[in-house]
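For this chain, numbers begin at 1 and follow the sequence in order.
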Amino acid sequence: MKQKNTLIKNAKIVNEGAIVSGDILIEGEYIKQIGASISPKSSDVLVIDAEGKYVLPGVIDDQVHFREPGLTQKADIGTESKAAIAGGITSFIEMPNTSPQTTTIEKLEEKFSIAAKTSSANYSFMFGGTNDNLDEILKLDVNQVAGLKLFLGSSTGNMLVDDPKVLEKIFKSTDMVISVHCEDEGTIKRNYKEYHDKFGDDIPIKYHPIIRSEEACYLSSSKAIELAKKTGARLHVFHLSTGKETDLFSNKTPLKDKKITAEVCVHHLWFSDEDYDKKGTFIKWNPAVKTKADREVLWEALLDDRIDVIATDHAPHTLDEKNNPYASAPSGGPLVQHALPAILEMYHKEKISLEKIVEKMCHNPAILFDIERRGYIKEGYYADLVLVDLNNPWTVKKDNILYKCGWSPFEGATFKSRITDTFLNGTLVYKNGKFRDVKAAKRLTFNR
C-alpha cells in the first residue's frame, strides 16, 4: 500500500534553531513545501491537523546495538527498529560487535541484506576495526558505510584494538569518521581484580563506576585525541561519562569543520551513581553511569557545544542475563523507544530547549556523518518527521515496552510528552500507538 501525499496543518515546526507555526506538504518521499498556510490541491491528499503539536525532524541515532546476527535472543533489527519508530527515531547506525562481528565486507553486506528485509527505520552500519583487518578497512566504499568503530576498551563481544602500531595505521589510513569506545583496559583490569578479590563474583553494583573509573575513561579518550591530532584523523568519541573528559573537546569551531567530536548518551544525562541502589544491574553500562557532578558537567558541555550529539547506545540483554550477579551481568540496556521522551522531559524541567534537542539528536548526526537529505525539515529533504504532543502523559510499563528483551531502565517513569505520529520517507508508519502495515525504510546514503 503506497502512502498518498500528506499535508500537515497548524504545526509548530522545530528546525534550525527556531520554532515556526506552519504547514508541511509531503509529496512522495520528500518534503515538497513548507509555508504559513498551504491548501491541498486535490482531494487525494491526507490532511493531518497538528494543532497544539510540535513537528521535529526524525531522530538519527548514531549508536545502537540491535544484536543481529547471532544474538537474536536479546534483540533483532526488526523488533528494535520498530521500537525506535515508536520513539521518534527514524534512522539508526548499528554497531559491529555482533556475532559474527562486522569486520569483513562480506559480513557488512549480510547485515545490509537483513535490514533491507526487516527494518522499520532507515539504516546503516559501522564497520569494526580489529588488530588485523586493515586490508578490509582500505577496501571500504566511504559512501556505502556510516563509519568505522573501534573499541579501545573491551565491551560486549570483545573487539579490543590494543596494538598501538595498528591503531596509528588505522587512524592514518582513512578519511571516514572513526568512532571510538574509550576506556583503558589496564586500569579496568587492575580495579576489577581489587574488587573481585574482596567480593568474588557478587561485587556490589555501586562499585561499577569505580572499577570502570573516571581515570580509565580519561586516559583512553585523551590518548585517542592525541593520536587523532597527530595523524589528522576524523575522530568521534562515543558516550562520554565523566566531567573530566569534557575538557578535551572544543566549541570554538562549527561542527562541520570539527575534526574531533563527542557525544553523550541519554542514560548518562538521566541517571547517576545514586540510582544503583534502586536500579542495580539494569543501569550497568560501559562506560559506567558516574556521579551527579559528572552528569551536571556533561549537561554543561552539551549545552555549550563541546559535546555535539545525543545518542542512545541502545544495547539490550535478556532479563535473565541482567539478573545475574555483577561479574556475569552484561553491560547495556534498551533505550530507543524512550530516549526522545526522556530528553523531552528535560525540556519540561527547563534543562534544554526544543531547538537544542533537535540540534543534538537530528541536525548534528546528519552533519557529522554526512547523511544525505535527512536530519532537517527542509524542502527537498526526505520527509522523516515526528509529531509530538508535549502534554499527553504516559507511564512506561511492561505491557507498552516494545523491545524484544521486554524490560526498560525507565520502567515506572512517567513522561509528559508522547510521540503521536512518525513519518518515514513520506509515509505515515506509526500513529497513536499503532504501526501501519507499510514498508518505507531505506538504506542511508552519504555525501562524502
Side-chain angles (χ1 to χ4, degrees), residues 59 61 63-68 71-90 92 94 118-121 156 205 208 265-272 274-286 289 311-326 328-346 348 386 388-422 429-437:
V59 172
D61 190 350
Q63 190 190 176
V64 304
H65 302 263
F66 283 176
R67 306 299 191 203
E68 191 171 5
L71 300 166
T72 52
Q73 74 279 11
K74 301 174 192 275
D76 60 57
I77 289 169
T79 56
E80 308 312 283
S81 62
K82 210 168 178 182
I85 288 290
I89 294 170
T90 52
F92 66 83
E94 208 260 354
T118 65
S119 185
S120 289
T156 302
I205 182 70
H208 186 55
C265 290
V266 173
H267 45 284
H268 292 121
L269 294 172
W270 183 280
F271 298 104
S272 79
E274 293 178 10
D275 296 305
Y276 284 115
D277 283 347
K278 188 178 175 192
K279 295 283 183 182
T281 55
F282 293 103
I283 61 165
K284 185 187 180 195
W285 276 281
N286 298 341
V289 168
T312 69
D313 194 14
H314 172 95
H317 299 282
T318 67
L319 209 44
D320 285 348
E321 288 171 317
K322 287 301 260 186
N323 278 319
N324 281 332
Y326 174 84
S328 49
S331 294
L335 277 163
V336 288
Q337 185 184 350
H338 304 108
L340 180 55
I343 295 297
L344 288 169
E345 205 61 21
M346 295 302 178
H348 288 292
V386 178
V388 175
D389 186 340
L390 290 176
N391 190 25
N392 191 347
W394 62 289
T395 301
V396 181
K397 297 175 185 168
K398 276 266 185 285
D399 64 3
N400 59 27
I401 290 169
L402 297 171
Y403 313 125
K404 192 174 193 178
C405 66
W407 65 273
S408 165
F410 287 112
E411 205 169 321
T414 296
F415 296 129
K416 289 188 174 75
S417 306
R418 189 187 296 255
I419 285 102
T420 61
D421 305 70
T422 304
V429 291
Y430 175 83
K431 186 171 184 70
N432 296 330
K434 300 273 193 300
F435 295 91
R436 298 181 69 239
D437 187 18

Item to check | Asp275 and Trp270: CA distance, side-chain angles, deciding distance, side chain to side chain contact (heavy atoms under 4.5 Å, CB included) verdict | outcome: CA-CA 10 Å; Asp275 296 305; Trp270 183 280; 5.7 Å; no
Checklist entry - Please walk me through it: do Lys416 and Asn391 pass side chain to side chain contact (heavy atoms under 4.5 Å, CB included)? => result CA-CA 6 Å; Lys416 289 188 174 75; Asn391 190 25; 5.8 Å; no
Item to check | Chi angles and distances behind the side chain to side chain contact (heavy atoms under 4.5 Å, CB included) call for Val396, His338 | outcome: CA-CA 9 Å; Val396 181; His338 304 108; 3.6 Å; yes
Next on the checklist: Before you tell me yes or no, could you show the steps for Glu80 and Val64 under side chain to side chain contact (heavy atoms under 4.5 Å, CB included), namely the whole-Å CA-CA distance, both residues' side-chain angles and the distance that decides it to 0.1 Å?
Outcome noted: CA-CA 9 Å; Glu80 308 312 283; Val64 304; over 6 Å; no
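At distances below 3.5 Å, not a single donor-acceptor pair connects side-chain atoms of Thr79 with backbone N or O atoms of Ala75. For the pair Thr422 (side chain) and Ala86 (backbone), a donor-acceptor distance under 3.5 Å is absent. Of the possible polar contacts, none joining the Tyr326 side chain to the His208 backbone as a donor-acceptor pair under 3.5 Å is found. At distances below 3.5 Å, not a single donor-acceptor pair connects side-chain atoms of Lys404 with backbone N or O atoms of Asp76. Of the possible donor and acceptor atoms, one in the side chain of His348 sits under 3.5 Å from a partner among the backbone N and O of Leu390. In this structure, the side chain of Asn392 does not engage the main chain of Arg418 through any donor-acceptor pair within 3.5 Å. The backbone N or O of Lys284 lies less than 3.5 Å from a partner atom in the side chain of Lys322, making a donor-acceptor pair. Side-chain atoms of Tyr276 come within 3.5 Å of backbone atoms of Val289 as a donor-acceptor pair (strictly under, hydrogens ignored). Between the side chain of His317 and the backbone N or O of Lys74 there is no donor-acceptor pair closer than 3.5 Å. No donor-acceptor distance shorter than 3.5 angstrom exists from the side chain of Asp313 to the backbone of Leu335, with no hydrogens or angles considered.
Contact record, Pro316 with His65: CD-O, 3.3 Å, taken as the closest heavy-atom pair. Between Phe66 and Ser81, the closest heavy-atom pair is CE1-N, 3.9 Å. Between Ala342 and Phe415, the shortest heavy-atom distance links the atoms CA-CE2, 3.7 Å. Nearest heavy-atom pair across Val336 and Ala84 is CG2-N, 3.8 Å. For the residue pair Glu411 and Ile401, the shortest heavy atom distance occurs at OE1-CD1, 3.8 Å. Between Leu402 and Ala83, the shortest heavy-atom distance links the atoms CB-CB, 3.9 Å.
With contacts defined as side-chain heavy-atom distances shorter than 4.5 Å, the pair Pro341/Phe410 does not qualify.
Residues satisfying the side chain to side chain donor-acceptor pair (under 3.5 Å) test with Thr72, not counting sequence neighbours, are none.
Other residues, nucleotides and ligands contribute more than 12 heavy atoms inside 6.0 Å of the NZ atom of Lys398.
Between atom CD of residue Gln73 and atom OG1 of residue Thr318 there is a gap of 7.0 Å, rounded to the nearest 0.5 Å. Distance CG/Asn324 to CG/Leu319: 10.5 Å, rounded to 0.5 Å. The distance from atom CH2 of Trp285 to atom CZ of Phe271, rounded to the nearest 0.5 Å, is 5.0 Å. Here Thr414 contributes atom OG1 and Glu345 contributes atom CD; the two are 8.5 Å apart, rounded to the nearest 0.5 Å. Atom NZ in Lys82 sits 5.5 Å away from atom CZ in Phe435 (nearest 0.5 Å). To the nearest 0.5 Å, the span separating NE2 on His314 from CD on Gln63 amounts to 11.5 Å.
By the 30° and 60° cut-offs, the orientation of the rings of Trp407 relative to Phe282 is perpendicular.
If you run side-chain contact (heavy atoms from CB on, under 4.5 Å) between Tyr430 and each of Thr420, Asp421, Ile85, Val386, only Ile85 comes through.
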